[in-house]
Structures are given as structure tokens and as C-alpha cells.
Amino acid sequence: MSLSVQELRVYYQTLHGEVRALDGVSFSIADGEIMGLAGESGCGKTTLGYSLVRLSPPRRLVSGRAVLDGEELPLGDPDAMRRFGWKGVSIVPQFAMSALNPRRRIGGMIAELLAARKLRYLELLPELERRLDLVRLPAAVLAMYPFELSGGMRQRMVLVLSTLLNPSLLVADEVTSALDVSIQRAVAQLLAEFRDRGLVKSMLVITHDLAVLYQIADTIAVMYAGKLVEKASADVIIRAPRHPYTRLLISSLPEIGARHARCRLKGIPGQPPSLLNPPLGCRFRARCPAVSDQCGEEPPLREVAAGHQVACWQQPC
Amino acid sequence: MTPSVPGREFLYFAWRNGKLRFGLALVLFFLGVALLGPLLTHYPPLAYLNPLGAEAPSATYWLGTTCFGQDVYTQFVLGLRAAFLVGLLGGGMATLIGMLIGFMAGYRGGLVDEVLNVLTNVVLVIPTFAVLLIAAAYLQVRSVLMECLFIGLTAWPWAARAIRAQTFSLRTRDFVDLARLSGMRPLKIVFTEIAPNMLSYLVMTFILQFGGAILMAATLDFIGLGPTNAQSLGLMMQTAVLWGALPLGAWWWFIPPGLAITAIVGALYVMNVGLDDVFNPRLRERS
Amino acid sequence: MLSLERVSKVYRVGTFGGGQVRAVSELSFALAPGEVVALIGESGSGKSTVGRMVLNLLPVSTGSIRFDGIALSDLRQGDRKDYWRRVQGVFQDPFSAYNPIFKADRIFRTLRAEFFPRVETGDWNRRLDGALQAVGLNPQQVRDKFPHQLSGGQLQRLLIARALLLDVQLLVADEIISMLDASTRVDVLNLLADLKARGMAILFITHDLGLANYLSDRVIVLYRGCMVEAGPAEAVFENPQHPYTRMLVAATPRLDCKWPVSDWTPPVGEGEGLGCVYSARCPLCDGQCNRPPVPIETAAGHRVACWRVADPGH
């Protein structure tokens with residue numbers, strides 16, 4: 001078991017009150033597993049990703065724990081988490097390259113990052129070049145400035161950099177979202193390739209794009225309003241989802257094939273509840289077509305089949 | 001960027017901001033003195049009243065007299081009025097010209113932008129003092145209004161550049177396109193769609209220009225390029241230095257104008273920093 | 001109704017317009033009432049530039065855009081307003097389309113002031129409520145709110161309602177759902193489909209093949225400002241001819257099948273080809289591709305701009 005997270009609650013303070021971005025999330029990622037995390041904007045998926053790397057104000061750990069390779073992660077302590085960064089849990093943020101200093105050459109920046117961890121650039125250089133070759137970037141990029149790279153090249157560069165120390169867990173936050181489709185496929189497949197080659201033990205891929213997840217993830221977890229509603233293998237989530245939200249969500253996707261003239265897809269009426277003061281009971285209740293009295297009580301995430309968990313009262317155990 | 005803040009929230013944060021309250025209080029205090037002060041004196045500012053010459057503050061002469069026996073208080077409150085006038089007119093004019101040129105260059109773009117950019121840069125590098133020396137040589141009588149005009153015509157370039165940059169980024173927003181699709185004319189778009197979005201920025205520009213104009217006027221007056229027929233804080237300091245107020249120890253002569261200039265300009269800058277905190281939500285979170 | 005004839009757009013860049021960037025070249029197509037045409041392209045394809053030219057927000061460099069036979073370049077100030085009565089746009093980022101410091105329904109007040117100054121308040125409110133209901137919004141829920149108090153889907157619907165208040169015959173929809181959440185996206189698409197059924201023409205600009213396929217009758221695939229393939233939506237997606245379209249279709253993630261395990265190499269190569277714009281990245285490129293390709297019709301209404309399509313070895 002590479003990572004296990006239990007009852008993670010992370011809130012953050014705003015002017016209007018406390019937003020319960022993550023409200024009791026439990027899951028685990030096995031060695032070699034790529035877990036996809038899907039959900040709409042504001043459901044807490046990005047907060048989850050960052051919580052495993054560095055929780056800094058205004059985000060605040062309320063409760064919960066995470067164990068990585070048998071060692072507990074000090075989630076609430078950003079300084080102690082630094083020890084796990086890069087090598088333990090590494091993140092590929094969405095706009096990584098735009099956050100880098102445009103006046104420094106890429107190689108120089110990497111050397112500096114390594115020096116901060118008391119590692120020698122020159123010792124790691126051969127490995128670095130091997131990795132660049134793997135993502136089909138010439139070694140010459142190390143002598144270039146960030147702006148000289150195209151969007152796809154940057155994303156690949158960041159991927160190489162964040163996996164250089166063979167992290168146990170790689171958190172990839174919307175890494176394919178801003179890219180053109182042709183490059184999107186290349187980057188997505190590289191993620192899988194890094195796992196296949198054992199450069200990364202396991203991966204948490206966060207995106208709103210279920211179709212991309214279906215292509216590369218082993219399992220998919222679906223989040224709604226700060227909670228996990230369903231988790232299963234990618235095929236099961238796409239072909240036989242059990243939670244009403246997952247079902248409606250997937251049936252609303254016009255990914256190639258559907259045409260309006262032939263079959264009219266339907267969206268989900270209503271909006272997710274505000275996480276400032278989330279309603280009691282099931283949070284999908286207000287939009288759910290299968291709602292019953294029982295839904296006033298919060299449904300636990302239960303195993304309904306091997307490796308398939310659903311948080312809905314309507315599911316037979 | 002200066003993100004917008006809805007009204008009530010803005011007032012809430014403005015009131016909670018200590019820097020803003022402090023700066024505003026100080027400026028309002030001096031403004032009060034400038035407006036009401038002259039009503040409390042019946043001395044003419046340049047009349048030789050006190051036969052004893054320079055005398056420390058007393059019940060008759062609240063801030064003492066100069067070595068000519070003129071009443072310092074009268075000169076001070078009138079100078080303060082002039083300072084606010086220069087700030088308002090000079091700084092206001094610089095802000096207006098900056099807005100006009102900045103909006104035009106930023107909204108129109110292209111050739112208009114490039115021409116205006118050249119103009120801005122030229123004015124930016126013109127040696128102000130040299131021009132003023134030449135102007136002073138030709139003009140026998142100089143007034144406060146002339147001074148305002150001069151400051152207004154030379155101080156706008158940095159404001160224009162900053163406003164141009166902001167306009168440039170706002171112009172690409174979709175709501176500007178939407179306004180165009182509604183058939184609105186460019187001028188209307190600039191004033192109803194773009195300018196309100198940078199209101200905070202324009203206010204801050206005006207505050208900085210206001211303070212800058214007061215400081216500039218004081219400098220000009222002090223080196224003898226000020227108005228020839230009016231009272232000002234800079235002139236007071238110039239006369240004080242010329243007639244040896246320092247060796248005489250007549251502190252009441254040069255301290256009030258010096259202190260007032262420093263305090264007003266300083267308070268304006270503190271206000272500016274405070275407003276920055278209020279307008280910028282990221283700075284706000286920290287405080 | 002709308003027709004583009006050999007439309008090109010060249011942007012001048014650098015000091016005093018020294019350099020040139022070609023955003024759109026020699027694009028021609030027509031749009032009939034009740035028809036949805038999708039412009040498909042990746043970033044830098046010039047698709048948004050085409051949309052802005054059709055909306056008369058940008059002048060064409062060469063060629064002409066005609067609406068009901070009248071060239072847009074001939075429109076004067078007054079005519080332009082009249083044009084915008086009939087042609088309107090909705091843009092990608094719903095939050096950028098609203099001035100954040102004003103309430104969202106200000107767009108209607110602006111519209112009224114510019115187009116309907118003489119309509120009485122009562123009458124106007126009736127019209128407004130009608131338009132809001134037509135786009136599936138509850139007037140009480142959306143009026144008098146700031147943009148950040150509404151969802152992206154609601155904001156986009158408000159913009160469509162704005163178009164409905166005018167006598168709009170052509171709607172330019174530029175990536176209007178790419179920033180919406182999946183669960184509300186399809187409803188906005190369906191709304192567009194309803195408008196199409198009422199006879200509105202829609203120029204649907206998108207990078208997403210799935211969305212284009214769902215809604216549109218015909219598609220035009222753009223690469224670096226050039227049309228590479230055009231035809232009926234089904235024909236293009238099920239039987240893409242141009243190497244670029246094929247690559248796009250192969251790279252688009254689908255829910256009905258997974259990408260083959262085979263090693264996928266994205267087309268590499270920077271810059272434009274000499275003749276064919278795609279030749280720098282094209283795996284099939286050969287000697288004849290240094291001449292600009294002439295579009296050939298491979299099936300009824302299906303045109304492809306590629307020399308190699310005609311080859312038997314293709």
C-alpha cells in the first residue's frame with residue numbers, strides 16, 4: 001500500500017466563514033496504481049492534492065491522517081512536510097512553468113533546487129538527460145530559458161523535474177487541461193509511462209476531464225462537494241457507475257459519438273451546495289433523482305463490490 | 001491589478017485600515033487649518049506689524065513674527081491654502097492629462113499608442129528645472145495658477161504610462177467586446193466600462209500626484225522660481241533661509257512650513273499604502 | 001446569409017507595425033439560417049480571429065465577409081449598430097464577459113440604452129423576463145446579482161438571453177462552454193440546439209471535437225489560419241482525410257474506447273511549412289507539399305486541402 005488517507009478534513013478561512021473544502025475523505029492508492037480524481041470545480045479536488053504536499057494558510061488541517069509507505073505524513077506541519085517533498089510526495093502543479101523565474105536557465109534552476117536538498121547537479125545530470133530523452137526533449141533545453149519552451153515542452157520538463165528523485169507518489173494537478181489535444185495525449189501517456197518504468201511508484205491524477213482519466217487511470221475516484229462519492233476501477237466508473245451523481249455526470253458527456261440530432265443528452269439540474277455551510281445528510285440530495293427520506297442522514301462510503309465503493313443509501317450492500 | 005471591491009466591503013476595510021485612517025486624519029487636519037485658519041487672522045500677510053522684528057510665538061502673534069515683523073501664522077495658513085490649491089489643481093491636471101493620454105493610448109493601441117508613447121517619453125525626460133528657468137526669465141509676474149499649470153503639464157507621464165498599461169489589459173476583456181457589440185462608442189466604453197474598473201488605481205494616482213505637486217511647488221518656490229505675488233510654504237522657507245532664520249534661531253519661522261509640507265506629503269503617501277492594502281485583497285488577507 | 005470569401009487577417013507586430021503575423025489565410029465558407037457550423041482548431045489556429053471578424057470587431061485584411069450580401073467593410077457607424085442587432089456573440093470566459101464591479105443584469109440595461117431607448121419600462125421588463133425564461137433562467141434568481149454570485153452556466157445563459165432580446169439571426173459562440181462544468185455544459189449546448197431549431201445560425205468555435213460533433217451540421221478544421229478540412233460533421237469525424245484531422249481525432253480522449261497501447265508520438269516540428277502549413281509536422285509530407293495544397297472534394301461537400309489525400313498510397 002503506497003498511500004492511505006483517512007478521514008481527511010481540510011477547511012479554509014474566507015471573509016464569509018469557513019469553507020469545508022474536504023470533509024472526511026478516505027482512500028488508498030496501491031503501489032503502481034494511477035488513481036484519477038475527478039470532480040467539478042470547487043469540489044475540493046485540488047485542495048486534496050495540495051493537502052498531501054503542503055498545507056499552508058489559509059488552508060487548515062482539521063483532522064485526518066495520511067500514511068505513505070508505512071510512514072505517517074505530518075500533514076499539519078508544512079516544515080516537517082518539506083522532508084517528504086519531491087522524494088516522498090511530489091506535485092506537478094497546473095501552471096508550474098509560469099511560476100519559475102524567467103531569467104534563469106532551466107539547468108541552473110534545477111541545480112539550485114538540488115543544492116537545497118544537498119544533492120549534486122553533476123551527479124544527477126546523466127540521469128536527468130536519460131529522463132529528458134524519455135520525454136523526447138533534447139538535453140539542450142537545460143541551457144534554455146523557460147519562455148523558449150512551448151506549452152507541451154514545459155509540461156514535459158516539469159514532469160521530468162518533479163519525478164527526478166523517483167517519488168513514491170506523484171500528484172498531477174490538471175496537467176493536461178491547458179494543452180492542445182495532440183500534446184494532451186502525449187503528456188497523459190507519459191504519465192502512464194513513468195509509472196510503467198517504475199520512476200514513480202504511484203500517482204494521483206487530478207482533473208475535471210473524465211475522458212482523459214479513463215485513458216490512463218487504473219481507478220477513478222469521483223468527488224462531489226468535499227466528499228468522495230464513488231471509487232472503482234476506471235472501466236467500472238465509466239461503464240457501470242452506481243452513484244446517481246456519477247451516472248448523471250457520465251451520461252451528460254458528449255464525448256465523440258453522441259450527436260444532438262440522434263440523442264439529446266441531459267445535464268444535471270441545480271448546482272452543488274456551498275461548502276460554507278454544507279447541508280446535513282447526502283450533499284447530492286437536492287439534485288438527486290433517486291432521493292428518499294434516508295438521504296437526510298449522511299451516507300457512508302461503503303464497499304458494494306470488490307474494489308467498488310459508493311456513498312449512497314440506494315446501493316445494496 | 002486592482003481588483004474591485006463592492007462598496008460596503010470597501011468601506012469596512014477602509015475603516016479598519018490604520019494607515020488610511022492616520023493619513024486621512026492628518027490631511028483633513030491640515031485642510032481644516034487651511035480653510036478655517038485665515039478666518040481667524042486679520043493681519044495682512046506681508047504687512048510689517050511688529051517693530052521688534054523676529055519674535056517667538058505669543059498671544060498676539062500665534063506663530064511669532066519674521067525678522068520684518070510679519071505675522072508667521074497668517075503667512076502659514078495662506079501658504080497652506082496655496083499648497084492645497086497646487087495639489088488639487090496641479091495634481092488634478094496631471095492626473096487628468098495622464099488619464100486622457102493613458103486611456104487613449106491603451107484603448108486605441110496601434111499607431112496612436114506609439115505616437116503617444118513617444119510623446120510621453122519625451123515629456124518624461126525633459127529637464128523640468130531648465131524649462132522653468134527659461135520660462136521664469138520671460139515671465140515677469142508668476143502666479144500660483146501658473147505654477148499649477150506648469151506642474152500639471154510636466155508631471156503626467158508616469159501616470160499616463162501606468163494607466164495605459166492597465167487600460168491595455170482591461171481592453172482585451174470580453175466585456176469590452178460586449179460593449180462594442182452593443183454599439184457603444186469608444187469614449188463611452190472607456191468611461192463606463194474601463195475607468196470604473198481602475199477607480200482604485202485612479203484614486204491612488206491622484207493622491208500621489210497631489211502630494212507630488214505640493215512637493216514640487218515647495219521645491220520651485222524654495223529655489224526662487226515660485227509665484228511672485230502670493231504666499232506659499234516654499235516661499236516662507238526661502239525667505240527664512242535667505243534672511244538668516246537659522247543663525248537667528250527663529251525656529252518658529254521655518255519649522256511650521258517645513259513640518260506642514262513633510263506631514264501632508266508623508267500622510268498622503270501613508271494613505272496611498274493604506275489604500276493599496278484596502279484595494280488589494282491579497283494584501284488584505286495578511287493584515 | 002453569411003459568407004466569407006478568401007478572408008485573410010494579418011496582424012502587424014513590433015514597433016510601428018514592422019513585423020507581420022498571418023492569423024487567417026484565404027478562408028471561405030458560408031452559413032445558412034438554422035445551420036450550425038463548427039470552427040475547430042487548436043491554439044493559434046485563428047479560429048477566434050475569424051469569430052471576431054464575423055462580429056465586426058476586427059477588420060479583415062483581405063477578402064470579404066458578407067451578411068445578406070452586404071460587405072461588413074462597407075458598414076458605417078449607424079449600419080454597424082444595425083448589424084449588431086442581427087449578429088451577436090458569446091465568449092469563452094463568462095466571468096470576463098461581465099464587468100466585475102457591476103451587477104450582471106447591467107448588460108441588459110446597456111442593451112436597452114443603446115438599442116431600445118424608446119421601449120417603456122414595463123414592456124421592457126416583460127420582454128426581458130420572456131428572454132430569460134427562453135434560456136431556462138428564473139428571472140427572480142438572476143436579476144440584481146453580481147457576476148460572482150451566479151454560476152458560469154447562468155452567466156452564459158444571460159448572454160444568450162441578451163442576444164435573444166435583439167433580433168439575432170447569427171450567433172457567434174466562441175468556446176462558450178469550455179469553462180463550464182461538465183454537468184451544466186450539455187444544457188447550454190442543448191439551448192443552442194433549440195435556437196438552431198428556431199432558425200438561428202450559429203458559428204460554433206471550439207477546440208473540442210466531441211462538442212462540435214454533438215451540435216454542428218458542418219465543421220471546418222483550421223490549422224494555423226488555413227482550412228485543412230471541411231465537410232459534414234459526421235463525415236469529418238468518422239472518416240477524417242487530412243493527416244491533421246486524423247491526428248486530432250486519434251488524440252481526442254473518448255469514453256467509448258481507450259487509446260491504443262501503441263507508442264504515440266505527437267507530431268513535432270515548429271513553424272509553418274513552406275507550401276502546406278502542416279508540412280512541418282506532417283508524417284506524410286513529401287516533395288509536392290512545398291506548394292500550397294488546393295482543396296479537393298473527396299465526397300459530397302467534404303473538402304480536404306492535402307496533396308497526399310489524392311495519392312493512391314494514402
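The analysis underlying the following values was restricted to heavy atoms, covering all of them including side chains, and did not include hydrogens, waters or symmetry mates. Chain letters run A, B, ... following the sequence lines, proteins first and then strands; every chain starts at 1.
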Subject >> Interface residues of residues 72-86 of chain C facing chain B - non-hydrogen atoms under 4.5 Å apart >> reply: C/Gln77, C/Lys81, C/Trp84

Original post:
Closest approach of C/Ala97 and B/Phe175, non-hydrogen atoms and distance?
Top reply: O-CB, 3.2 Å

**OP:** Check each atom of C/Phe95 against the heavy atoms of chain B and say whether the ones under 4.5 Å are side chain, backbone, both or neither.
**Re:** neither

Original post:
How long is the span from the CG atom in B/Asp174 to the CD atom in C/Gln92, to the nearest 0.5 Å?
Top reply: 8.0 Å

**OP:** Please collect all salt bridge (charged side-chain N to carboxylate O under 4.0 Å, His left out) contacts where either partner lies in residues 194-207 of chain B, sequence neighbours excluded, each pair once.
**Re:** none

**OP:** Can you tell which part of C/Phe115 gets under 4.5 Å to a heavy atom of chain B, answering side chain, backbone, both or neither?
**Re:** side chain

Original post:
Side chain, backbone, both or neither: which part of C/Leu166 has an atom under 4.5 Å from a heavy atom of chain B?
Top reply: neither

Original post:
So which residues of residues 178-193 of chain B are in contact with chain C at a heavy-atom cut-off of under 4.5 Å?
Top reply: B/Leu178, B/Arg180, B/Leu181, B/Ser182, B/Gly183, B/Met184, B/Arg185, B/Lys188, B/Thr192, B/Glu193

Please tabulate, one pair per line, all N/O donor-acceptor pairs under 3.5 Å involving side-chain atoms of residues 101-113 of chain B, not counting sequence neighbours.
unit_1	atom_1	unit_2	atom_2	d
B/Asp113	OD1	B/Arg164	NE	2.6
B/Asp113	OD2	B/Arg164	NE	3.4
B/Asp113	OD2	B/Arg164	NH2	3.0

Subject >> Other residues, nucleotides, ligands: >12 heavy atoms within 6.0 Å of B/Phe22 CZ >> reply: no

